[in-house]
Structure formats: C-alpha cells, structure tokens
Colleague: 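Quick one: structure below, then a few questions.
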Amino acid sequence: MPEMPEVEIIRRNLVDRLKGKMITNVEVLLSRLVKWPTVENFESMIIGRTIADFKRRGKYLLLELDNSDMLVIHLRMTGRLCYVSEGDERDAYTRIVFHLNNGDVLTYADTRTLGTLYAIKKDELWRISGLANMGPEPLSAEFTIAYLQEALKSNRGKIKSFLLNQKYIGGLGNIYVDECLILSKIHPERVGNSLAVDEINQLHAAINQVIDAGINDGGTTFRDYRNGNGEKGSHQENLFVYGRNGLPCRFCGSIIEKIEVGGRGTHFCPQCQK
DNA sequence: CAATAGCCCTGGTGGC
DNA sequence: TGCCACCAGGGCTATT
C-alpha cells in the first residue's frame with residue numbers, strides 16, 4: 001500500500017533514469033486504468049514526448065513532459081512502477097508499458113487494478129480533484145503546527161479519519177496514520193477538536209518523524225510494494241502498531257488491539273493511547 | 001457542509 | 001485437499 005514514503009522512494013529511484021528519455025510507444029493492456037482522457041488521446045499525448053522531470057505530490061506521481069503536459073499516476077493499493085531493460089522479465093501483473101528511446105521499458109503493474117493514470121495539460125490539473133484539493137504534506141514548509149491546529153479546531157470527526165483525509169494532509173495512509181497516533185499517544189477515536197495544544201504539537205512531530213523514518217527505511221512492504229527496481233522496503237520491521245495486533249506494545253508491553261475506525265483496520269495500544 | 005457507507009478489484013488466508 | 005467467505009484500503013460517489 002504505497003503511501004507518501006513509498007511513492008517518494010519510487011520517484012527517487014527512477015528520476016535520473018527517466019529524465020531526458022523519450023516515450024516512443026505505450027501499450028495500454030488494461031484500458032480502464034486510464035481515467036483521462038480517452039485511451040487513444042492518452043497514447044497520442046504521451047508518445048513522442050520527452051520526460052522533462054519526475055515529481056510527486058502526496059501519493060501522486062507526476063511525470064512532466066517537454067511540452068508541459070503531464071502523465072499522472074496514482075498507485076492506489078497495489079500499483080507498481082518498474083524500470084527494466086528491453087529483454088528483462090516483466091511483472092506478471094503488467095497493465096501498461098512505456099517504451100523508452102534507449103530500448104528500456106517502464107512498466108506499470110497492478111494486481112488489483114485500482115490504480116489510476118491520466119495524461120493531462122498543466123492548466124487542466126483541476127480535473128484530478130484529489131490532486132487539486134490536497135492539503136499540505138508532511139515535512140513541507142506549509143505543514144506547520146499552526147496549520148494543524150487551525151485545521152483541527154472545527155473538526156468533529158475522529159482523528160484517524162482526519163489524518164487519512166488528503167484534503168487536510170496529503171500523503172498519509174492507513175499504516176503511517178496508525179504509527180503517528182501511537183507515537184503521539186493519541187487514541188484513534190479521539191475527536192479532532194478535542195486535542196489539547198501539547199497533543200497537537202506531539203502529533204505534528206510524530207507525523208514528520210514517521211514519514212521521515214519510512215523514507216529512510218526505503219518504505220514499508222507488506223506484500224505488494226516495490227521501490228521502482230523491484231525491491232522491497234524495510235520499514236515493516238520498525239512499525240510500532242500496524243499489523244502487530246496481539247503482540248506486545250514496544251513501549252509498555254500491553255497487547256496491541258485492532259478495531260475498525262472510519263471503515264479502516266486500526267491498530268493501537270490501549271495503555272499508551274488515550 | 002460534513003461524516004459515513006458503499007464500491008471498485010484480485011489474491012492470500014483461514015475456517016471447515 | 002478443496003472450497004468459499006472474507007479481508008486488505010485509497011479515494012471517489014451517493015447518502016444521511
């Protein structure tokens with residue numbers, strides 16, 4: 001489940017090899033993954049273009065083309081990008097193939113086919129509402145304690161749901177949300193506007209810390225995530241609560257519980273998190 | 001307006 | 001060993 005750290009690792013691993021390469025052909029093997037425009041126009045907008053830059057916003061990957069059009073990719077649950085040489089074996093779940101002018105290939109693979117791809121003009125990015133309406137992301141200058149305080153002030157939903165909502169903070173997903181809540185000792189069902197100032201300070205620090213640790217560990221691989229070179233991350237070895245239900249808390253030894261919050265599996269320590 | 005439930009989609013898993 | 005219900009969850013849409 002790629003979240004911001006995983007998507008960032010993919011970007012870092014691929015940026016140097018993709019920049020300056022021309023896309024000479026595109027094979028769309030599963031057309032429903034292309035959300036905009038039509039598959040035909042998707043192909044014609046991309047074929048013959050050179051990749052000018054490879055950026056990221058939240059969980060979206062942004063390939064800027066030399067005419068300022070953009071190839072936007074969201075991996076959702078099981079999307080994987082992998083850079084391979086022409087004759088190399090491709091992922092069994094390859095759905096879209098981008099051929100490059102040096103003979104190499106960028107494959108988009110996706111087991112559950114929930115991922116989304118767009119070819120879009122720069123002034124039409126509003127069409128991708130999740131991208132256009134995304135809040136500031138962790139580790140950015142815009143993501144300040146004051147911002148978090150202001151956003152939480154009138155929020156009457158559960159803190160877990162708040163953190164998962166990309167319009168408030170861009171890039172967090174289910175794994176890192178559970179992790180930043182244990183680090184800040186906040187129960188996932190606490191109401192947003194009930195957080196005290198010191199709790200908001202701790203939450204802000206924990207969000208940045210968790211995302212930074214995830215990037216430093218090369219991301220979290222439970223099953224599907226790969227880093228752009230087909231390799232797994234290692235942050236799953238350093239998690240405090242996610243996937244650790246029934247195991248002792250690393251802080252206090254209490255048994256980690258799993259509940260459902262906002263329709264998502266939620267792991268927490270009943271002793272540490274109040 | 002905001003919170004929430006439902007939906008998409010496939011493979012791994014656990015129960016019987 | 002085989003079958004099947006269920007779960008994983010990001011983000012969009014419909015509903016309350």
Side-chain angles (χ1 to χ4, degrees), chain A residues 1-8 10 28-36 56-62 72-81 91-96 108-118 120 125-135 137-138 150-181 188-194 210-211 214 219-226 232-233 235-236 239 241-246 256-268:
Chain A
M1 311 133 218
E3 305 179 28
M4 177 183 152
E6 290 73 36
V7 178
E8 174 62 13
I10 292 169
V28 178
L29 306 174
L30 185 60
S31 58
R32 64 178 151 77
L33 301 187
V34 175
K35 300 299 175 184
W36 183 268
R56 179 193 58 75
R57 175 81 174 95
K59 303 171 196 170
Y60 288 86
L61 287 164
L62 312 172
V72 179
I73 302 175
H74 196 301
L75 305 170
R76 295 284 189 112
M77 301 299 300
T78 54
R80 298 180 290 273
L81 278 181
D91 192 301
Y93 296 92
T94 297
R95 311 295 188 186
I96 298 181
Y108 175 82
D110 196 339
T111 312
R112 286 168 62 187
T113 70
L114 292 168
T116 52
L117 292 91
Y118 314 75
I120 203 147
L125 280 173
W126 55 267
R127 291 186 183 280
I128 308 174
S129 62
L131 183 57
N133 301 323
M134 190 183 301
E137 50 186 78
E150 184 63 26
L152 280 169
K153 199 164 68 179
S154 58
N155 189 273
R156 289 177 294 178
K158 293 169 181 169
I159 188 65
K160 163 109 184 189
S161 301
F162 172 89
L163 294 172
L164 281 174
N165 192 331
Q166 306 295 296
K167 79 176 178 182
Y168 297 126
I169 303 171
L172 293 176
N174 205 40
I175 296 173
Y176 292 99
V177 163
D178 283 2
E179 292 298 301
C180 67
L181 286 173
E189 291 181 299
R190 283 281 298 284
V191 171
N193 65 8
S194 78
V210 159
I211 292 298
T220 303
T221 300
F222 266 91
R223 182 178 302 163
D224 299 287
Y225 167 68
R226 297 295 184 274
K232 299 178 181 183
H235 192 61
Q236 64 277 6
L239 295 172
V241 287
Y242 186 89
R244 300 196 69 247
N245 38 309
I256 300 298
E257 291 181 14
K258 183 178 181 186
I259 58 174
E260 187 175 308
V261 180
R264 295 287 177 257
T266 300
H267 314 72
F268 74 105

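Every chain is numbered from 1 and lettered A, B, ... according to where its sequence line falls, protein lines coming before strand lines.
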Colleague: Between A:Tyr168 and A:Thr111, which residue's closest nucleotide on DNA chain B lies nearer the 5′ terminus?
Modeller: A:Tyr168

Colleague: So for the helix from B:dA2-C:dT16 to B:dC16-C:dG2, with five pairs setting each end axis, what is the inter-axis angle to 10°?
Modeller: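 The value is 50°.
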
Colleague: Would you say NZ of A:Lys35 has more than 12 non-hydrogen atoms from neighbouring residues, nucleotides or ligands within 6.0 angstrom?
Modeller: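 Above 12, so yes.
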
Colleague: Tell me if the centroids of the rings in A:Tyr242 and A:His235 come within less than 6.0 Å of each other.
Modeller: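 Judged by ring-centre distance (under 6.0 Å), A:Tyr242 and A:His235 do not meet the cut-off.
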
Colleague: How is A:Phe222 classified with respect to the nucleic acid when contacts are heavy atoms under 4.0 Å: base, sugar-phosphate, or nothing?
Modeller: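 A:Phe222: no heavy atom of the nucleic acid under 4.0 Å.
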
Colleague: Between which nucleotides of DNA chain B, read 5' to 3', does contact with chain A run, using atoms under 4.0 Å from its heavy atoms?
Modeller: B:dA3 to B:dG12

Colleague: Side-chain donor-acceptor pairs under 3.5 Å in residues 127-134 of chain A, sequence neighbours left out?
Modeller:
residue, atom, partner, partner atom, Å
A:Arg127, NE, A:Glu124, OE2, 3.1
A:Arg127, NH2, A:Glu124, OE2, 3.0
A:Asn133, ND2, A:Ser129, O, 3.2

Colleague: Can you sort out which residues in residues 150-158 of chain A have a heavy atom within less than 4.0 Å of DNA chain B? Ascending by number, please.
Modeller: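 Close to the strand are A:Asn155, A:Arg156, A:Gly157.
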
Colleague: Enumerate the residue pairs fulfilling salt bridge (Lys or Arg N to Asp or Glu O under 4.0 Å) with a member in residues 151-171 of chain A, sequence neighbours excluded, ordered by first and then second residue.
Modeller: A:Glu150-A:Lys153, A:Lys158-A:Glu189, A:Lys160-A:Asp178

Colleague: Sugar-phosphate means primed atoms, P, OP1 and OP2; the rest is base. With that split, encode nucleotides 9-16 of chain C 5' to 3' as B, S or - using protein heavy atoms under 4.0 Å.
Modeller: BBBS----

Colleague: Check the side chains of A:Arg32 and A:Thr113 for a donor-acceptor pair under 3.5 angstrom, ignoring hydrogens and angles.
Modeller: yes

Colleague: Under 4.0 Å, counting only non-hydrogen atoms across every strand here, what does A:Arg95 touch: a base, just sugar-phosphate, or nothing?
Modeller: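 Touches nothing.
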
Colleague: Students often mix this up, so state it plainly: with edges at 30° and 60°, are the rings of A:Phe162 and A:Tyr168 parallel, tilted or perpendicular?
Modeller: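 Because their plane-to-plane angle is under 30°, the rings of A:Phe162 and A:Tyr168 count as parallel.
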
